[in-house]
Amino acid sequence: MDRYLVFGHPVRHSKSPFIHTLFARQTQQELEYGLAEPAVDVFAQALRTFFDQGGKGCNVTVPFKEQAFTLVDRLSPRAKRAGAVNTIKLTDDGVLLGDNTDGAGLVADLKSHGVTLADSRILLLGAGGAARGALAPLLAELPSELVIANRTHAKAQQLAAEFCDLGHVTAQTYEQLAGSFDLVINSTSASLQGELPPLAPALIHTDIAIYDMMYGASDTAFISWAKQHGARQTMDGLGMLVEQAAEAFTVWRGIRPGTKQVLRELKRNLGVI
């Protein structure tokens with residue numbers, strides 16, 4: 001039976017085995033999917049061992065995405081742009097192909113919620129790996145402007161410069177932010193600590209769409225804050241998790257699973273519904 005894994009540290013909380021088991025059942029694919037939590041300094045060896053022993057593919061999560069980028073034989077265009085790999089496939093000719101499905105998962109989830117990206121004004125909070133992975137797929141949807149805001153302004157400026165060839169992308173400090181945004185995406189991990197990015201409440205209005213890449217059994221701190229200031233459409237990253245997994249499954253198996261029922265099952269598993 002074909003074997004797949006998710007590598008992370010820590011990774012025991014991962015929902016990937018649950019998601020991919022449902023995908024396999026839905027598409028009648030014979031595979032098994034497990035967890036691997038190597039120490040940070042032995043990830044490279046653990047990855048090689050997995051594929052030497054017959055592994056077909058894997059997902060890679062924190063803190064190994066940048067390291068995986070350097071370990072594969074070939075990179076997809078979106079992995080090159082993201083500077084990180086979250087999906088690896090062993091091809092038929094024995095090549096380890098590194099891909100990044102995070103941004104595609106984000107865009108797919110936004111569209112599933114009816115969010116219009118073309119000609120929209122988007123605010124992306126954060127300038128780390130999650131933001132980098134999201135930028136190219138977001139800009140491919142042709143927003144009128146994408147603004148990056150980050151606590152360290154120089155990082156936002158560097159990221160905007162790297163992606164300015166793909167569209168109208170700029171960097172601003174939190175204090176500089178002005179005007180009306182159609183969509184705000186929080187790519188920072190602040191919600192995991194119950195913290196908030198220093199966003200002015202005046203930027204929130206009733207027609208804005210709010211997206212937090214983090215998720216939990218209840219609203220994240222950022223979503224709760226946005227609701228308190230009048231946002232009516234709020235989304236967390238659970239759908240992105242399922243959509244990026246579906247994209248990875250498609251890379252591995254050549255068949256795209258449906259996500260709606262799997263997302264419902266995942267929410268039930270988490271106690272969200």
Side-chain angles (χ1 to χ4, degrees), residues 65-66 69 77-84 86 100-111 113-191 195-214 220-223 225-226 229-237 240 244:
K65 291 183 182 183
E66 287 76 20
F69 181 86
R78 56 189 179 184
K80 286 180 182 177
R81 270 292 186 177
N86 81 329
N100 191 302
T101 66
D102 286 331
L106 169 65
V107 168
D109 192 37
L110 285 165
K111 289 183 175 181
H113 284 93
V115 176
T116 299
L117 298 173
D119 296 321
S120 64
R121 190 165 186 249
I122 300 173
L123 173 58
L124 180 62
L125 307 179
R132 177 182 291 275
L135 273 168
L138 285 171
L139 290 168
E141 297 298 319
L142 303 179
S144 62
E145 182 183 16
L146 193 152
V147 178
I148 305 170
N150 189 58
R151 289 179 187 270
T152 305
H153 184 50
K155 286 188 68 176
Q157 288 178 307
Q158 179 182 347
L159 204 54
E162 285 185 41
F163 285 84
C164 65
D165 61 311
L166 298 183
H168 185 195
V169 53
T170 61
Q172 296 181 16
T173 67
Y174 279 97
E175 293 75 24
Q176 289 173 330
L177 294 173
S180 180
F181 289 97
D182 301 297
L183 169 65
V184 178
I185 301 170
N186 180 24
S187 77
T188 76
S189 59
S191 287
E195 300 172 356
L196 294 169
L199 195 65
L203 291 172
I204 306 300
H205 55 86
T206 55
D207 294 326
I208 202 169
I210 298 292
Y211 195 99
D212 194 338
M213 288 190 187
M214 302 299 109
T220 67
F222 183 63
I223 285 178
W225 175 85
H229 291 93
R232 291 188 297 199
Q233 184 177 21
T234 59
M235 300 149 281
D236 69 14
M240 176 181 172
Q244 67 81 24

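The structure displayed is predicted, hence computed values, not measured ones.
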**Report entry** Side chain to side chain, V147 and F181, heavy atoms closer than 4.5 Å
**Finding:** yes
When every non-hydrogen atom of V169 is compared with those of A160, the smallest separation belongs to CG1-O, 3.6 Å
CD of E141 to CG of L117, rounded to nearest 0.5 Å, is 5.5 Å
Test item: P137 and L106 side chains (from C-beta on) under 4.5 Å apart, heavy atoms
no
Closest non-hydrogen atoms of A134 and M213, given as atom of the first, atom of the second and distance, are CB-CE, 3.9 Å
Output for pair (Q244 CD, D109 CG), nearest 0.5 Å, gives 11.0 Å
L124 and L159, any side-chain heavy atoms less than 4.5 Å apart: no
For M240 and Y211 the tightest heavy-atom approach is CB-OH, 3.0 Å
Taken to the nearest 0.5 Å, the spacing of L123 CG from E145 CD works out to 9.5 Å
Exactly one of N100, L166, L139 clears side chain to side chain contact (heavy atoms under 4.5 Å, CB included) with R81, and that residue is L166
Can you check whether H113's main-chain N or O pairs, donor with acceptor, with Q233's side chain at less than 3.5 Å? yes
Scanning both residues in full, the closest heavy-atom pair of L196 with A190 reads N-CB, 4.4 Å
Interatomic distance, OG@S189 vs CD@E195, rounded to 0.5 Å, equals 8.5 Å
In terms of heavy-atom contacts, L135 and L146 come closest through CD2-CD2, 3.6 Å
Could you check whether any side-chain N or O of S144 sits under 3.5 Å from a backbone N or O of S120, counting only pairs where one atom can act as donor and the other as acceptor? yes
Separation between CD (Q172) and NE2 (H153), nearest 0.5 Å, reads 8.0 Å
Side chains of F222 and M214, heavy atoms from C-beta outward: is any pair under 4.5 Å?
no
>> A side-chain contact here means heavy atoms from C-beta on lying under 4.5 Å apart; do V107 and L138 qualify?
In response: yes
Please check if the side chain of D182 supplies one atom and the backbone of R121 the other of a donor-acceptor pair under 3.5 Å. yes
- Task: Could you please spell out the steps behind the side-chain contact (heavy atoms from CB on, under 4.5 Å) verdict for R78 and T101?
- Result: CA-CA 8 Å; R78 56 189 179 184; T101 66; 3.9 Å; yes
On a heavy-atom basis, the closest approach of T188 and G126 is CG2-CA, 3.6 Å
### Task
Would you sort out whether L203 and V184 count as a side-chain contact (heavy atoms from CB on, under 4.5 Å), showing the intermediate values?
CA-CA 10 Å; L203 291 172; V184 178; over 6 Å; no
Output for pair (D212 CG, N186 CG), nearest 0.5 Å, gives 4.5 Å
Exactly one of V115, I185, I223 clears side chain to side chain contact (heavy atoms under 4.5 Å, CB included) with M235, and that residue is V115
